[in-house]
Amino acid sequence: MKKILLTLAFIVAAIVSAHAQFYIGGNLNAKLNKDTKTFTIAPDVGYSFPNAPFSIACAVEYGGTIPKDDVYQHSLTLSPYVRYDICDIGERFTLFVDLSSDIDVLDFGLLNVELSPGVSFDVTDHWSAEFSIGFLSYNRERAEDQNIKHSFELDLKLAAPSFGFYYSF
C-alpha cells in the first residue's frame, strides 16, 4: 500500500512540476426525435503534455432519455480519452483525433470504444471551442436476453456531432 501511495505521489509531483497544461470544460448535447428526446451533460478535466501532441482526460457524462411513453431513463458514464493533435491549421485551428472509452457506471455490461476526429478553435489564449463527430467504434452491450452482444460501427454520426468549450490553465 505504501508503494502505491508513494508511486502516485511521485506521478502527481512529476506532472505538476512539468509546467502542466491542465484544462477543464465539457459538452452539452441534445437530440430531439419524434419518438424520443435525449440529452447529455459531460464535464471533463484533462492534461496536455508540454511539447508533445498528446492529451489525456476524463469526462463524467450524465444522460437522460424520454421516450414517447414518458418513462424516463438515465445513464452515468465515465469517459477517459487520449487525444492526438494531428496538425495546426493557421494560428488558431487544430485537427485532432480522440480515442475514448465509455464505461457505463450504472450497468457494467456496457462498454464503448470510439475513434473520433475533430477540430479545435482557440478563441483566446485560454478559451477554446471544439467540434467532433464519431467515426469508428466498438460496442459491447447486454441484450434483453442478458447475453453480451459485440458490434463494430463505422459511422460519421453527422446527425449527432459534439460541441464543447474548454478553459486551459
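Keep in mind that what you see is a predicted model, and the values were worked out from it rather than measured.
In this structure the side chain of Y72 never reaches within 4.5 angstrom of the side chain of P67, judged on heavy atoms. Within the 4.5 Å cutoff, the side chain of Y84 has heavy atoms near those of the P53 side chain. Contact check for L95 versus D85: no side-chain heavy atoms found under the 4.5 Å cut-off. The shortest distance between side-chain heavy atoms of T77 and V105 does not fall below 4.5 Å. When side chains are defined from C-beta on, D104 does not count as touching L78, because their heavy atoms never get closer than 4.5 Å.
Here F93 and F121 bring their ring centres to under 6.0 angstrom of each other. The aromatic ring centroids of F54 and F49 lie 6.0 Å or more from each other.
To the nearest 0.5 Å, the span separating CD1 on I66 from CG on N33 amounts to 12.5 Å. Separation of atoms OG1 (T40) and CG (N29) is listed at 4.0 Å; rounding is to 0.5 Å. Separation of atoms OG (S132) and CG (N27) is listed at 6.5 Å; rounding is to 0.5 Å.
Taking every heavy atom of both residues into account, C58 and Y81 meet most closely at N-CE2, 4.5 Å. Counting all heavy atoms, side chain and backbone alike, S120 lies closest to S128 at OG-CB, 4.0 Å. Scanning all heavy atoms of the two residues, the minimum distance from L76 to L106 falls at N-CD1, 3.8 Å. In terms of heavy atoms, L111 sits closest to S101 at CD1-OG, 3.5 Å. Looking at every heavy atom in both residues, Q21 comes nearest to S168 through NE2-CB, 2.9 Å. A pairwise comparison of heavy atoms in N112 and S137 identifies ND2-CB, 4.1 Å as the closest pair.
When the side chains of ILVMFWY residues are joined at heavy-atom separations under 4.5 Å, either directly or via intervening members, I24 and F163 end up in a single hydrophobic cluster. In the hydrophobic clustering of ILVMFWY residues, with side-chain heavy atoms under 4.5 Å counting as a link, Y23 and V123 come out apart. F165 and I41 end up in different hydrophobic clusters when Ile, Leu, Val, Met, Phe, Trp and Tyr side chains are linked at under 4.5 Å.
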Could you check F169 against F22 for ring-ring contact (aromatic ring centres under 6.0 Å, His included), going step by step and ending with a plain yes or no? CA-CA 6 Å; F169 296 97; F22 289 98; 7.5 Å; no
Full working for side chain to side chain contact (heavy atoms under 4.5 Å, CB included) between S55 and Y47: CA-CA 6 Å; S55 300; Y47 170 78; over 6 Å; no
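Here the side chain of R83 pairs no donor or acceptor atom with the backbone of F96 at under 3.5 angstrom. The main-chain N or O of S100 is never found under 3.5 Å from a side-chain atom of D98 such that the two would form a donor-acceptor pair. Although no hydrogens or angles enter the test, the distance criterion places no donor-acceptor pair under 3.5 Å between the side chain of H74 and the main chain of G64.
Residues passing the salt bridge (Lys or Arg N to Asp or Glu O under 4.0 Å) test with D122, sequence neighbours excluded: none. With sequence neighbours excluded, the residues satisfying side-chain hydrogen bond (donor to acceptor under 3.5 Å, both in side chains) with S79 are D102.
Ring geometry for F152 versus Y138: interplanar angle of 30 to 60°, hence tilted.
Environment of OH in Y62: crowded, with over 12 heavy atoms of neighbouring residues, nucleotides or ligands closer than 6.0 Å.
Under 3.5 Å, the side chains of D44 and Y166 contain a donor-acceptor pair of N or O atoms. Checking T94 against D88 by side-chain atom types alone, a donor-acceptor pair falls below 3.5 Å.
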